[in-house]
Amino acid sequence: MAVDPRQIVAGVLTVTMFVMLGNMITRDHFYPVDSDISIHSTSKQSLGTGPWMKGGESVKPCWTKPVPQADQSQGFVTFSLTNGPEYHVSQIADAVIVARYLRATLVIPDIRGSKPGDKRNFEDIYDVEHFVRSLDGVVKVATTQPAEVSSRNLAVVKVPNRVSEDYIAENIEPVFTSKGNIRLATYFPSVNMKKTKEKSNTDSIACMSMFGTLELQPEVNEVVESMVERLRTLSAKSKGQFVAVDLRVDILEKKSCQGDSSLKSKSCYGPEEIGMFLRKIGFNKDTTLYLTQSRWDSSLDALKDLFPKTYTKESIMPIDKKAKFLDSESSELEKVIDFYMCSESHVFVPAISGLFYANVAGKRIASGKTQILVPADIPGSSAASTDYISHYVSKKNHFAYSCFC
């Protein structure tokens, strides 16, 4: 039977049409319509542009959980978490060490902000069940302050960060023995998160308390995860990788960083300096940046000129969460979100030195996210990002390296 040439042509066109449709469906599935990736720019080179490093080696806890204490005192240790999550992890560790030494019951703390009356319950931010479970056998925990413990009658005891057993024996135990119950007030003589040369009897408890007790409660964790996912979507050209920069305008102004062109021996860097630093070490204009600054400020425009994909919380937070997490009078939830966003990013850049940088570094080391780049003066037109890896990582001198193997 003779075949009509027109049928052959029609068949070929039909097959071609289905192949083209299949390609379009595949492309739309992997690259959303609002993505700025074209089908001609999806090469391996264009997707991976920038000095992105592979994640560090996986680590595991190497501390030993202490044996349960047979006898307990009748006293209680109370305290508050203050000043933000970078302080919380250290305050928890010190409180657990003190309560363990005194064989006292630790009362779950409240959370207090910088403004008078700014007070939250522990469960507003952190997972209570996880906290209690993680300390099982280490210290006895009371989820509420017992009625017989009046805050007005508690003896307040100052506790230096990274408290030692000798300090407890000399300065805290006598007060506890005399009063029966105490309230701790942690202070920070210095920002010191480096490893000690000699192992301490309290190291394992400090490790477990700093890295094993605090987890976000579900709603807060959901907000952080949604923001991380949003940034990954916006970072299609860098395989979903983004840079978090701890850059807050109000702190920069207090430290006189704005407009300061001197890069030597600096403890903080302004927006334009951060932008120039990132460009010189190899990040291109398509790199996505997350800033800890909550709302946009005109001083950030110079950074956005260099990196158009620069975002603050207000532009990527789910709309239905802004009233609670961004527009409230308290800044405590904003600080918590920033701490965990900087811990989850692929690269972390501290524009400001201090405890936030030190404890974010510890959390990142614990999870193997060791690309922490510290700005510095860069002579010439280019430099290698590896030259600016945090000393906490390059020298492995962070306390976290005492806790993870």
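Here the structure is a predicted model, which is why all the values come from computation and not from measurement. One-based numbering along the sequence shown.
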Is it true that [X] and [Y] make a salt bridge, defined as a side-chain N closer than 4.0 Å to a carboxylate O?
| X | Y | result |
| --- | --- | --- |
| Arg112 | Asp110 | yes |
| Arg295 | Asp297 | no |
| Asp338 | Arg248 | no |

Taking side-chain hydrogen bond (donor to acceptor under 3.5 Å, both in side chains) as the test, write out the residues that go with [X], two or more places apart.
| X | value |
| --- | --- |
| Tyr392 | none |
| Asn397 | His391 |
| Ser353 | none |
| Glu272 | none |

Would you say the ring centroid of Tyr269 lies under 6.0 angstrom from that of Phe277?
no
Under 3.5 Å, which donor-acceptor pairs do the side chains of residues 204-215 form with other protein atoms, sequence neighbours left out?
{"residue": "Ser209", "atom": "OG", "partner": "Ile205", "partner atom": "O", "Å": "2.7"}
{"residue": "Thr213", "atom": "OG1", "partner": "Ser209", "partner atom": "O", "Å": "2.6"}

Applying side-chain contact (heavy atoms from CB on, under 4.5 Å) to Ser90 and Asn359, what does each step give before you reach the verdict?
CA-CA 9 Å; Ser90 296; Asn359 276 331; 3.6 Å; yes
Qualifying residues under side chain to side chain contact (heavy atoms under 4.5 Å, CB included), relative to Lys321, sequence neighbours excluded:
Glu219, Val223, Met317, Pro318, Phe325
Distance-only donor-acceptor pairs under 3.5 Å for side chains of residues 169-180, two or more places apart:
{"residue": "Asn171", "atom": "ND2", "partner": "Tyr167", "partner atom": "O", "Å": "3.2"}
{"residue": "Thr177", "atom": "OG1", "partner": "Glu173", "partner atom": "O", "Å": "2.9"}

With sequence neighbours left out, write down each residue that passes ring pair (Phe, Tyr, Trp, His ring centres under 6.0 Å) with Tyr340, or none if nothing qualifies.
none
Sorted by chain and residue number, the ring pair (Phe, Tyr, Trp, His ring centres under 6.0 Å) partners of Phe339 (sequence neighbours excluded) come out as Phe356
Please, which pairs that meet side-chain hydrogen bond (donor to acceptor under 3.5 Å, both in side chains) have at least one residue in residues 96-105, sequence neighbours excluded?
Asp71-Arg103
Sole residue of Val243, Val245, Leu300 in side chain to side chain contact (heavy atoms under 4.5 Å, CB included) with Ile274:
Val245
Does the side chain of Leu289 come within less than 4.5 Å of Thr287's, by heavy atoms?
yes
Please lay out, stage by stage, how Val347 and Val349 fare under the test side-chain contact (heavy atoms from CB on, under 4.5 Å).
CA-CA 7 Å; Val347 177; Val349 177; 4.2 Å; yes
Taking only distance into account, with no hydrogens and no angle test, what donor-acceptor pairs under 3.5 Å do side-chain atoms of residues 398-405 form with protein atoms, sequence neighbours excluded?
{"residue": "His398", "atom": "ND1", "partner": "Ala400", "partner atom": "N", "Å": "2.9"}
{"residue": "His398", "atom": "NE2", "partner": "Ala358", "partner atom": "O", "Å": "2.7"}
{"residue": "His398", "atom": "NE2", "partner": "Gly362", "partner atom": "N", "Å": "3.4"}
{"residue": "Ser402", "atom": "OG", "partner": "Phe399", "partner atom": "O", "Å": "3.4"}

Among pairs that include at least one residue of residues 74-96, which meet ring-ring contact (aromatic ring centres under 6.0 Å, His included), considering only residues two or more places apart or in two chains?
Tyr87-Phe188, His88-Tyr126
Using a cut-off of 6.0 Å, state whether more than 12 heavy atoms not belonging to Lys285 lie near its atom NZ.
no
